[in-house]
Amino acid sequence: MSGICLKHGVLVVSDEIHSDITFGENHHTVYANLSEAAAASSIICTSPSKTFNLAGLQFSNIIVRNEEIRRKLQLEVDRTGYDEPSLMGLAAATAAYSEGEGWFDCVREYIWQNVLFTERFVRERCPRIKVCRPEGSYLVWLDFHGFTELTDNEISRRILNKAKVWLDYGRMFGAEGEKFQRINVATPRSILTEALGRICDEFKGR
């Protein structure tokens with residue numbers, strides 16, 4: 001992809017906000033680290049919000065190696081009149097990045113165990129639903145293609161209106177997402193158990 005973008009002069013804005021959360025031997029490569037040319041033609045967006053659960057504190061980072069692109073971006077940001085981080089966000093980000101490694105390692109392991117728990121739970125309670133194991137992040141895809149008798153809309157309605165669980169339906173991410181549902185597993189195991197139980201009870205035997 002980088003080669004195609006470089007060939008055609010495409011500026012890449014890369015959202016790296018989930019990049020810290022990887023599992024096992026998987027690792028994330030930041031787009032700008034692919035090559036000097038990629039770094040010179042990209043804007044890299046990061047934030048401690050996903051890694052350290054600081055989304056409400058209004059703090060993020062935009063890294064631009066190319067001085068001309070950085071100058072143009074700064075002009076646009078200045079025009080918005082809304083370009084300063086919050087004081088609390090700055091303090092929290094500083095503390096998280098300098099002292100939060102131990103906490104984050106524990107959280108990442110908890111999330112990974114929730115991924116494995118989700119796989120076991122769904123396999124035992126409703127095997128027609130397939131769990132797509134992620135390489136990173138805390139968002140897990142549930143595959144409902146085994147329910148050939150149900151439409152995508154019917155699946156979404158049952159999850160929301162009958163199971164009373166609000167997931168992200170895959171179709172919102174494009175046509176390829178049809179019959180997929182996305183669940184956030186970065187939550188206490190008790191809440192995850194309740195949500196998965198409601199979903200499986202609604203769809204088992206159907």
Side-chain angles (χ1 to χ4, degrees), residues 15-28 45-61 86 88-89 91-93 95-97 99-147 152 154-174 177-204 206:
D15 181 357
E16 311 274 351
I17 197 169
H18 286 271
S19 62
D20 291 330
I21 307 173
T22 59
F23 305 124
E25 298 301 315
N26 298 305
H27 70 279
H28 175 79
C45 302
T46 73
S47 173
S49 60
K50 302 300 184 188
T51 307
F52 296 101
N53 196 25
L54 301 177
L57 295 183
Q58 300 289 309
F59 186 89
S60 62
N61 313 294
S86 73
M88 288 295 293
Y97 283 135
E99 302 179 31
E101 184 175 3
W103 178 90
F104 174 63
D105 287 342
C106 292
V107 167
R108 181 167 50 186
E109 177 61 22
Y110 192 92
I111 292 171
W112 174 239
Q113 292 302 320
N114 272 358
V115 170
L116 299 180
F117 173 81
T118 299
E119 290 181 339
R120 293 192 302 269
F121 190 100
V122 173
R123 183 172 59 247
E124 294 170 3
R125 293 277 294 271
C126 191
R128 291 178 72 186
I129 302 173
K130 304 302 180 185
V131 177
C132 305
R133 178 181 290 191
E135 295 180 356
S137 187
Y138 46 73
L139 302 169
V140 175
W141 289 102
L142 304 178
D143 182 353
F144 286 78
H145 279 86
F147 294 87
D152 183 73
E154 288 171 331
I155 291 168
S156 295
R157 283 197 299 269
R158 286 189 176 185
I159 292 173
L160 181 60
N161 298 326
K162 294 187 176 180
K164 305 294 186 183
V165 179
W166 191 351
L167 303 181
D168 291 326
Y169 54 93
R171 199 174 62 257
M172 69 188 291
F173 300 97
E178 186 167 324
K179 287 204 170 183
F180 285 93
Q181 298 281 330
R182 194 177 74 170
I183 185 169
N184 182 339
V185 300
T187 189
R189 189 77 43 78
S190 59
I191 294 176
L192 182 60
T193 302
E194 174 74 16
L196 292 174
R198 292 183 186 186
I199 295 169
C200 289
D201 286 346
E202 174 60 28
F203 286 93
K204 68 181 179 181
R206 296 174 187 269

To the nearest 0.5 Å, how far apart are [atom1] in [X] and [atom2] in [Y]?
X    : Y    : atom1 : atom2 : value
T51  : Y138 : OG1   : OH    : 8.5 Å
E135 : H27  : CD    : NE2   : 10.5 Å
N61  : C45  : CG    : SG    : 9.5 Å
L196 : E119 : CG    : CD    : 11.5 Å
L54  : M88  : CG    : CE    : 10.0 Å
L142 : L167 : CG    : CG    : 6.5 Å

Candidate pair W112 and V115, rule side chain to side chain contact (heavy atoms under 4.5 Å, CB included), full reasoning
CA-CA 5 Å; W112 174 239; V115 170; 4.0 Å; yes

What heavy-atom pair brings [X] and [Y] nearest, and what distance separates the two atoms?
X    : Y    : answer
H145 : E178 : CE1-O, 3.2 Å
V140 : C132 : CG1-O, 3.9 Å
F104 : D20  : CZ-O, 3.5 Å
A55  : S49  : CA-CB, 3.5 Å
A195 : V165 : O-CG2, 3.8 Å
V131 : T118 : CG2-O, 4.1 Å

H28 and H18: side chain to side chain contact (heavy atoms under 4.5 Å, CB included), yes or no, with the steps?
CA-CA 9 Å; H28 175 79; H18 286 271; over 6 Å; no

Side chain of [X], backbone of [Y]: donor and acceptor closer than 3.5 Å?
X    : Y    : result
N114 : V185 : yes
S137 : I21  : no
T187 : L192 : no
K179 : F147 : yes

Taking 4.0 angstrom as the limit, do R108 and D105 come out as a salt bridge?
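Salt bridge: yes.
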
Are D143 and K130 ion-paired here, with the side-chain N under 4.0 Å from a carboxylate O?
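Salt bridge: no.
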
Walk me through whether Q181 and I155 qualify under side chain to side chain contact (heavy atoms under 4.5 Å, CB included).
CA-CA 9 Å; Q181 298 281 330; I155 291 168; 4.1 Å; yes

List the steps, then state whether side chain to side chain contact (heavy atoms under 4.5 Å, CB included) holds for R133 with L116.
CA-CA 8 Å; R133 178 181 290 191; L116 299 180; 3.6 Å; yes

Tell me whether the guanidinium CZ or amine NZ of R157 lies under 6.0 angstrom from the six-membered ring centre of Y169 and within 45° of its axis.
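No, R157 and Y169 do not form such a contact.
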
More than 12 heavy atoms of other residues, nucleotides or ligands under 6.0 Å from CD of Q113: yes or no?
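Yes - once you tally the heavy atoms of other residues, nucleotides and ligands closer than 6.0 Å, there are more than 12.
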
Measure from the ring center of F144 to the ring center of F203 and say whether it is less than 6.0 Å.
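When the ring centroids of F144 and F203 are compared, they turn out to be within the sub-6.0 Å range.
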
Under the salt bridge (Lys or Arg N to Asp or Glu O under 4.0 Å) rule, what do E154 and R158 come out as? Steps first, then yes or no, please.
CA-CA 6 Å; E154 288 171 331; R158 286 189 176 185; over 6 Å; no

